[in-house]
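Reckoned from all heavy atoms, side chains included, excluding hydrogens, waters and symmetry mates. Note that the coordinates shown come from a computational prediction; the quantities given were computed from them, not determined experimentally.
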Protein chains: 2
Amino acid sequence: MRYGQYCPVAKAAEVLGERWTLLIVRDVMEGAHRFNDLYAGLPGISRTLLSGRLRQLVGDGLLERREANGHPEYWLTPLGLDLQPAVFALGEWAVRNYGGDPGRDELNPEVLMLWIERHVNRDALPDGRLVARFEFRGSRQHTRAWLVSQDHSPRVCHDDPRFEVDLVVASDVRTLHLVFAGRLAMSAALREGSIALEGTMQARRSFTRWFGYSPFATAAREALAG
Amino acid sequence: MRYGQYCPVAKAAEVLGERWTLLIVRDVMEGAHRFNDLYAGLPGISRTLLSGRLRQLVGDGLLERREANGHPEYWLTPLGLDLQPAVFALGEWAVRNYGGDPGRDELNPEVLMLWIERHVNRDALPDGRLVARFEFRGSRQHTRAWLVSQDHSPRVCHDDPRFEVDLVVASDVRTLHLVFAGRLAMSAALREGSIALEGTMQARRSFTRWFGYSPFATAAREALAG
DNA sequence: CAGTATCCTCGAGGATACTG
DNA sequence: CAGTATCCTCGAGGATACTG
C-alpha cells in the first residue's frame, strides 16, 4: 500500500503494514531463517504469499537472502536490525494493554514448540545429547513433540526420533503457552502440577534452566505485578 | 486480520496493521480530532472506510469518541497514548533508514498546510490576529492557502478570508515540505530564496518562531548530520 | 528443500447517493 | 457536520499442481 505521504510513519506503514509482514520480521528476529521454518511458524499463510512478502522485505532492505549450506536463508540487514527496538515497543505496548488468556484459536502446539525451540537457553543445555518429550493433554489436543538437542543445538520434531528420552514434560497447550509468555510462573505451574516433569532429578533441574521465555515475558510479568 | 497467534507482536499487528489505521492514529496524536479534519489529512481514503476504522479503533480501546461543542471528536485513550513511543520508534526508524526527497505523488500542499497548522508553536503566535498567506509555486502547483491565527489558535483555509495579510510565505511544496521534515534548514532555504518572506521585519522574525516542525524533524537532522 | 505458474474466488473497500 | 446504505468492482491472495 502506497499512501502518498511524505511522512516517516506512512513510510513505516508502507513497508510493514501488509498482512503478515510484521510477523515475518518478528520470526526472523527470533531466529527463523529458512523458508520452511518461517512457513511452519505462520499457519494460515500460503507459500506464494510468504514468498512474495520475503521478496518485498528484501527489496525494502530489511532482509538479505543468503545462500548458506546450499540453502537460501533470510537474515536481517543492518536496516532490519535497527527495527528491533520499534518491534519491541509495539509488543510491549500490546503486553501492557491487552492482557488475557490465549483464545481457543490461538492454541497451537506446533507453533508453541517452534517458539520454545527458538528461545532455548543454549548455554544451559547439557553437552552431548538431550531428548525431551513434550506431551500435550487437553480438550482436543493430545499431541507429542520431541525437543532433541545435540551439542547445544535444539531441534523440534514431531515424529519419534527413537532416542532415549531424558525428560518428559506433560502439560496442556494453554498452560505451557502462559508460562512461555511470562503470564504464569514456571514454579507455580510445577507446584500445582499443570506442568509435570518426569526424569532424573538432574534432567528436571536442567529443564528449568534451558527452558527459555518469550522476549516479552519480562514485560508481561511487570504488567501482572504492576 | 486475525493471525491466531498468542503473541504481543501479532496482537499489535491485528490492531494496527489494517490499511490506514496507523496513519489515523498518527493524525489523532498530532491533533486531528474531528471526522472531516481526519478525512482531509488522508487523501485517498473513503468516508466509509475512515468511519469503519474509527469504529475499530474505538472498539480496540485506542480512541474514545466524545461529544464536544455539539460535534463528535476522537481522542486518544490512555491505551492509545501509551502507543506514542512505539509510533515514534517506527517513524524514527524510517527517518534513519529511508532518507530521500518526497516523490511527485507525495507533494500535496493541502496536506502540508494541515500538518503545519497542527504543529504551529502556539505560544510564539502573536496576540490577537495573524494572517499569513502561503503561495506555492512549482511545476503544476500554484496554490494559495491562508493560515489565520486568532488568539494563538491557528486555522488553515483555502478561500481568501479577506483579512489584511501580515505575512506572505512564497515557496514551492517540495521545499516547504523538506523544511517541515527537518531535511532542509529554514535558515538555508531563506538564504537561498527557495522560501521568500514578505511582510514587516517583525512579522518575518515572528514566522521563524511560530513555524513548527514535524515531530521527526530532530531525528531527520541527526540522520543527516551523522 | 524452496519455491513458482496458473487459475479462480471472494470480500475489502470504492462510488454514489442519501440523512439526522 | 458526520456520517450511513447500497450496489458493485477488482485485485489480493488462496488452491492446486508443478519444478530446479
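- Taking only side-chain atoms of B/L49, from C-beta outward, the nucleotide of C/dG14, C/dG3, D/dC1 with the closest atom is C/dG14.
- For the pair A/L54 CG and C/dA2 C1', the interatomic distance rounds to 11 Å; values are reported in whole Å.
- Counting only Watson-Crick or G-U wobble pairs whose defining distances are both under 3.5 Å, the stems of 3 or more consecutive pairs in DNA chain C are C:1-20 with D:1-20.
- Under 4.0 angstrom from either OP1 or OP2 of D/dC1 there lies no side-chain N or O belonging to B/R34.
- Using a 3.5 Å distance cut-off with no hydrogens or angles, the side chains of B/S51 and B/R47 do not pair a donor with an acceptor.
- OP1 or OP2 of C/dT4 has at least one side-chain nitrogen or oxygen of A/R55 nearer than 4.0 Å.
- Each of B/V87, B/L16, B/V15 was checked for a side chain to side chain contact (heavy atoms under 4.5 Å, CB included) with A/L90, and the lone residue meeting it is B/L16.
- Within 6.0 Å of CG on B/D160 lie more than 12 heavy atoms contributed by other residues, nucleotides or ligands.
- If A/R19 and A/G52 are placed on DNA chain C by their nearest nucleotide, the residue sitting closer to the 5' end is A/G52.
- Atom CG of residue B/D27 and atom NE2 of residue B/H33 lie 10.5 Å apart, to the nearest 0.5 angstrom.
- Relative orientation of the B/W93 and B/Y98 rings is perpendicular, given thresholds of 30° and 60° on the angle between their planes.
- Between A/R47 and D/dG13, a side-chain N or O to OP1/OP2 separation shorter than 4.0 Å is absent.
- Counting to the nearest Å, the P atom of D/dG11 and the CE atom of A/M1 are 13 Å from each other.
- For the pair A/D37 CG and C/dC1 C1', the interatomic distance rounds to 12 Å; values are reported in whole Å.
- Nearest to the side-chain atoms of B/H71 among the listed nucleotides C/dA2, D/dC1, C/dT16 stands D/dC1.
- If you take CD of A/Q56 and C1' of D/dA12, they are 11 Å apart, rounded to a whole angstrom.
- For the pair B/Y39 OH and C/dA15 C1', the interatomic distance rounds to 11 Å; values are reported in whole Å.
- Between B/E18 atom CD and D/dA12 atom P there is a gap of 16 Å when expressed in whole angstrom units.
- Straight-line distance from the CZ atom of A/R53 to the P atom of C/dG3: 16 Å, rounded to whole Å.
- As a whole-Å value, the separation of B/L42 CG from C/dG14 C1' is 16 Å.
- Of all heavy-atom pairs spanning A/F180 and A/A217, the tightest one is O-CB, 4.0 Å.
- A sub-4.0 Å separation between OP1 or OP2 of C/dG3 and a side-chain N or O of A/R65 is present.
- Using a 4.0 Å heavy-atom cutoff across all strands shown, A/S46 reaches sugar-phosphate atoms only and no base atom.
- Between B/F207 and B/F211, the two ring planes are tilted [angle within 30° to 60°].
- In terms of phosphate contacts, B/S51 brings a side-chain nitrogen or oxygen within less than 4.0 Å of OP1 or OP2 of D/dT4.
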